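A quick note: this is a predicted structure, and the numbers were derived from the prediction, not measured.
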Amino acid sequence: MTNRRWSENGTDDMTGPDYSGARGSNAGDDFHELWCLRQALTLLDPAANLKAMTLEGFTAEDETGASGAALDGVDCAMYYGKIEGGVTVRSATAVDIVQFKYSSANPETPWTIARLVHNKAAHKKNNSVVRRLADAFNWVKQQRGGSPKDIRVRLVSNQPESKELADLLASRGTAPDWAKVREATGLIEDEFQQFVSAFTLSKSESRLGLNEAVLQQVSRWTEGDSTHLRNRLLDFIHGKTLPESKKDPITRDGLLA
């Protein structure tokens, strides 16, 4: 991710409608970090059930011995409940597996079944969106004793869900493309039923909307420049994506510091 400063009105240092290459990638990175910051601010509420977050995978303790396939689809992991003995998927009451997909150029393009199962690595290991999320789900389930209970799989995007995808997820096995999607996940039928029950496509605000929401919340805490405090918090979030610290969980104490 490439961290950049945002102005008070939510615009960044890039102008114009060109969303190709680095510009599109930076927009996606901004969305990722702003979404994570907005969620992380929940940690400041002592009554909140969210207790820790990680970016670009799980905690270092979780990832010890884990295969790359289990980690490839995890842009953010969220750990809930009373956590004792270290932040892990085993100790958390509930776990969210989150993957982000953001489009500045085509925010109205819906998520279809074809997009969900599309494998960019033809003739190689399946790297479709649904396969990476299914691998992460199955791994977390195994770490939690084989139970799918209290595991959520969230595809977070500014693009909507298509009707055909919504119908498939609601069909419980009767939709025409059910077998096609199950095959793409690499899961057997029972596992796929569990995965579908855990899966949601969360329609998010744009990065500009997220930025405004963060600024509004931060402005309630300071009489000074809320933009400056927002940027400091974004620096903190960005730091958690770097190789030397990205496996350290974001917690209430760390955020306050």
Side-chain angles (χ1 to χ4, degrees), residues 28 31-32 35-36 38-39 42 49-50 53 58 69-81 89 92-120 126-207 209-210 213:
F31 174 77
H32 185 159
W35 190 94
C36 288
R38 189 176 185 190
Q39 301 302 309
T42 306
N49 196 34
L50 178 65
M53 298 172 58
F58 300 99
L71 311 175
D72 287 345
V74 185
D75 290 330
C76 174
M78 305 173 73
Y79 300 77
Y80 297 86
V89 296
T93 302
V95 179
D96 282 2
I97 300 163
V98 185
Q99 185 176 143
F100 300 104
K101 293 296 179 183
Y102 184 81
S103 174
S104 295
N106 301 293
E108 301 305 320
T109 299
W111 275 95
T112 62
I113 292 172
R115 286 186 67 193
L116 202 65
V117 304
H118 176 63
N119 179 19
K120 295 179 182 178
N126 190 310
N127 74 345
S128 65
V129 170
V130 75
R131 181 55 172 265
R132 286 182 289 165
L133 287 171
D135 285 343
F137 168 77
N138 217 27
W139 179 82
V140 171
K141 188 181 76 169
Q142 291 169 8
Q143 301 307 301
R144 292 170 64 85
S147 172
K149 186 174 183 292
D150 297 319
I151 304 172
R152 290 195 301 177
V153 181
R154 303 174 64 182
L155 177 59
V156 175
S157 177
N158 66 321
Q159 296 175 302
E161 182 180 60
S162 67
K163 185 179 184 302
E164 65 164 355
L165 180 55
D167 289 347
L168 180 139
L169 296 175
S171 74
R172 311 306 303 165
T174 60
D177 288 320
W178 181 269
K180 172 182 173 182
V181 180
R182 184 197 60 73
E183 183 179 353
T185 65
L187 302 174
I188 62 174
E189 182 63 30
D190 287 349
E191 293 172 337
F192 184 59
Q193 290 274 2
Q194 294 170 353
F195 173 78
V196 170
S197 295
F199 177 85
T200 59
L201 197 159
S202 302
K203 177 73 164 59
S204 173
E205 302 166 84
S206 70
R207 60 194 178 117
L210 288 169

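Taking NZ of K120 as the reference point, atom CG of N127 lies at 7.0 Å (rounded to 0.5 Å). Taking CG of N158 as the reference point, atom OG of S104 lies at 7.0 Å (rounded to 0.5 Å). Taking CD1 of I151 as the start and CZ of R144 as the end, the distance is 5.5 Å to the nearest 0.5 Å. Taken to the nearest 0.5 Å, the CZ atom of R154 stands 13.0 Å off from the CD atom of Q99. Between the CG atom of D167 and the OG1 atom of T174 there is a distance of 9.5 Å, given to the nearest 0.5 Å. Atom CG of L169 is separated from atom CD1 of I113 by 8.0 Å, given to the nearest 0.5 angstrom.
Summarising the geometry of A114 relative to E164, their closest heavy-atom pair is N-OE2, 4.5 Å, with the distance given to 0.1 Å. When every heavy atom of K141 is checked against every heavy atom of E191, the shortest pair comes out as NZ-CG, 3.7 Å.
Residues R131 and N119 form no side-chain contact, since every pair of their non-hydrogen atoms from C-beta on lies 4.5 Å or further apart. The side-chain heavy atoms of D177 and V117, taken from C-beta on, include no pair separated by under 4.5 Å. At least one side-chain heavy atom of F137 sits under 4.5 Å from a side-chain heavy atom of P148. Two residues are said to be in side-chain contact when any heavy atoms from C-beta on lie closer than 4.5 Å; Y80 and D150 fail this criterion. Residues Y102 and P107 are not in side-chain contact: their nearest non-hydrogen atoms beyond the backbone lie 4.5 Å or more apart.
Looking only at atom types and distance, the side chain of W111 has a donor-acceptor partner in the side chain of S157 under 3.5 Å away.
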* For side-chain contact (heavy atoms from CB on, under 4.5 Å), just list the numbers for E183 and F192, CA-CA rounded to whole Å, side-chain angles, deciding distance to a tenth of an Å, and then say yes or no. => CA-CA 9 Å; E183 183 179 353; F192 184 59; over 6 Å; no

* To do: Could you please spell out the steps behind the side-chain contact (heavy atoms from CB on, under 4.5 Å) verdict for V196 and R172?
  => CA-CA 8 Å; V196 170; R172 311 306 303 165; 3.6 Å; yes

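Judged by distance alone, with hydrogens and angles left aside, the side-chain atoms of Q159 form a donor-acceptor pair with the main-chain N or O of N106 at under 3.5 Å. Using a distance-only test at 3.5 Å, with no hydrogens or angles considered, a donor-acceptor pair links the side chain of R115 to the main chain of P110. Panel note: side chain D135, backbone L71; no donor-acceptor pair is recorded below 3.5 Å. Side chain of R152 to main chain of A198: no donor-acceptor pair is present (N/O by atom type, distance under 3.5 Å, no hydrogens or angles).
Between R182 and E189 there is a salt bridge, with a side-chain nitrogen of the basic residue lying less than 4.0 Å from a carboxylate oxygen of the acidic one. Of the charged side-chain nitrogens involved, none lies within less than 4.0 Å of a carboxylate oxygen, so that R132 and D72 do not count as a salt-bridged pair.
Ring-plane geometry between F58 and Y79 is classed as perpendicular, the angle between the planes exceeding 60 degrees on a 0 to 90 degree scale with a lower cut at 30.
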